[in-house]
There are 2 protein chains.
Amino acid sequence: MRVSAEQRRRELAAAALRVVVRDGVAAATIRAIVAEAGMKLASFHYAYRSRDEVLREVVRLVVEGERETTAAALAEAAAPPASGRADEAGGPELLAALTRRTLGAYLASVHADPGREQGMLELTFTALRTPELEGVAAEQYAQYRGLVAEILAAGAELAGMRWTAPLEELARAIVAISDGLTVAALVDPDADLEPVLDLLVPALVARAEPALTAERIPG
Amino acid sequence: MRVSAEQRRRELAAAALRVVVRDGVAAATIRAIVAEAGMKLASFHYAYRSRDEVLREVVRLVVEGERETTAAALAEAAAPPASGRADEAGGPELLAALTRRTLGAYLASVHADPGREQGMLELTFTALRTPELEGVAAEQYAQYRGLVAEILAAGAELAGMRWTAPLEELARAIVAISDGLTVAALVDPDADLEPVLDLLVPALVARAEPALTAERIPG
DNA sequence: GTCTATAGCCGGATAGAC
DNA sequence: GTCTATCCGGCTATAGAC
C-alpha cells in the first residue's frame, strides 16, 4: 500500500523520536530509525535527504508537541473559575502555588520518562556541534521561552498578579532552572529536589506584585 | 624513547579531553585520540582496554582539575584579610557579592570555552546511556556538589555568615543553577544572563544569617 | 515507487612481524 | 613494547533491477 511522502516523513520523524528517547541520539542511525518505523532502508531517502534533516524535524516535532500540551494546559487552567481568584491577599501565595505545581509537574515528567528530556538535550548539543543543524538549538530554546512566557502570563492573570520583570527575562530564568533540574534528576533520580524548588520558587514570585484592576497611582 | 604505562595513560586521557572539548564526545574515537596524542593506533590498547575506559578517566581528570582549581581559589580568597570582614552589617551584602562573583566567573569561563562545559555534559549523558560507565555520572556530580559545598562554607566564613539550610541542599541547587546557566549560555551565547543572576543570587543568600561569634542564645 | 545489493568509509579491536 | 596490516562490523548513501 502506497502512502504519501508527507505521511512517510511524519512516520519516520515519529520513529526517530522514539529511538532518540529510548536509546539516545548516537543510536538514532538511519538504520535504527527505519527499523523502528517498519520500513526498508532505501525508503528513508525518499522522505529525507539525510540523517541531519530528520533530526531537525524531530526537534520541530517535539516543540510542536510542547506547544499543544501547553495550550491544552492553559485552556484547562483557565476553565474552572470555581476556585475563585484571590484578588488581594491570596495573590502571591496562589502564584507561588501555581509556579511550584507547574515546575513540580515538569520534574515529575522527567522522572517518569528520563529518556525524553535527556534525548532533547542530546539533540540540542548535537545541533550545536553540527553545521548542518545551525540555528536549530537557538530556535528550539526561543520557542521554549515563548511557551514559558505564555504560561507565566496566564499564571499571573489567574492569581491576579503582575510580573515586575520583563517576561522574557523570567522565561529565560525558568528555562535555565528547568534544564538544571533536569540534569539533576537524570544524574541522581533518587535525590529529593523539593528543597531546591522551595529555594527557587520564592525568587520567581518575588518578581510579581498584585495587579491593579483600576489605576490607583496618583497622577 | 620508552615511556611508562602510567605516563601513556595520562597523555592519552589528556588528548581525549582535548578532542572531547574541541569536537565533542561523538568525535572522540580511539583513532582521533591517538592522533591528538601523536601516537600509533595500536599503542592505545596498551594503556586502556577500551574507549569507555579512557572516557571514564577523562571524567576523573576533569573532576581532579576542578578540585585543584577550587583549592587554589579558596586559598587565594582566604589569603588577603586586608579587606576586613564585615561582621554585622556588611555580611549579607558581602556574601551576595561573593556568590554573584563566583557564579559570574563560572559563566565567563563557559563563554570563554563553551566546548569544555558542553563536552562535560556530553560525557555525563554518554555515561548515563552506557552500562560500562554506570555510576560515573552520579560520582561526577557528587564530587561537584562536594566542591560547591566547600566553596559555600568558605564564602560564609569570609562574610561572617552562617547557612541556615543544609549545605548539601544548597550545593545541589547551585550545581543545578550552574547547569541551567551553562545550557543557556551554550544555546544563546549573546544573551545577557545578568538578570538571571540578579534573580537567583538573593534566593541563595536568603538561606544565610549573620554568624554568632559567641553564643548569645539564652540558656 | 519500492526493493535488493553494494559501494565506500570509518569504527573498535587484534594479529603477528620485529 | 612497538609497529604495520587487517579483520570485521556498522554506517550513510546510492545504483540498478523490478
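Letters A, B, ... are given to chains in the order of the sequence lines, protein chains preceding strands, and every chain is numbered from 1.
Scored by the salt bridge (charged side-chain N to carboxylate O under 4.0 Å, His left out) test, B:R162 finds B:E209 as partners (sequence neighbours excluded). Judged as a side-chain hydrogen bond (donor to acceptor under 3.5 Å, both in side chains), and not counting sequence neighbours, the contacts of A:D198 are A:R100. Among residues two or more places apart in sequence or in another chain, the side-chain hydrogen bond (donor to acceptor under 3.5 Å, both in side chains) test is passed with A:R172 by B:D188. Considering only residues two or more places apart in sequence or on other chains, B:R18 meets the side-chain hydrogen bond (donor to acceptor under 3.5 Å, both in side chains) condition with B:E36. For A:Y48, the side-chain hydrogen bond (donor to acceptor under 3.5 Å, both in side chains) test picks out no residue, with sequence neighbours left out.
In terms of heavy-atom proximity, B:R51 sits nearest to B:V25 at NH2-O, 2.8 Å.
Rounded to a whole Å, the CD1 atom of B:I33 is 11 Å from the P atom of C:dG11. The distance from atom NZ of A:K40 to atom P of C:dT6 is 16 Å, rounded to the nearest whole Å. Atom OH in A:Y48 sits roughly 20 Å away from atom C1' in D:dC11 (whole-Å rounding). Atom CD of B:Q7 is separated from atom C1' of D:dG1 by 16 Å (rounded to the nearest Å).
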What string of B, S and - do you get for nucleotides 12-18 of chain C, 5' to 3', when a contact is any protein heavy atom under 4.0 Å? BBB----
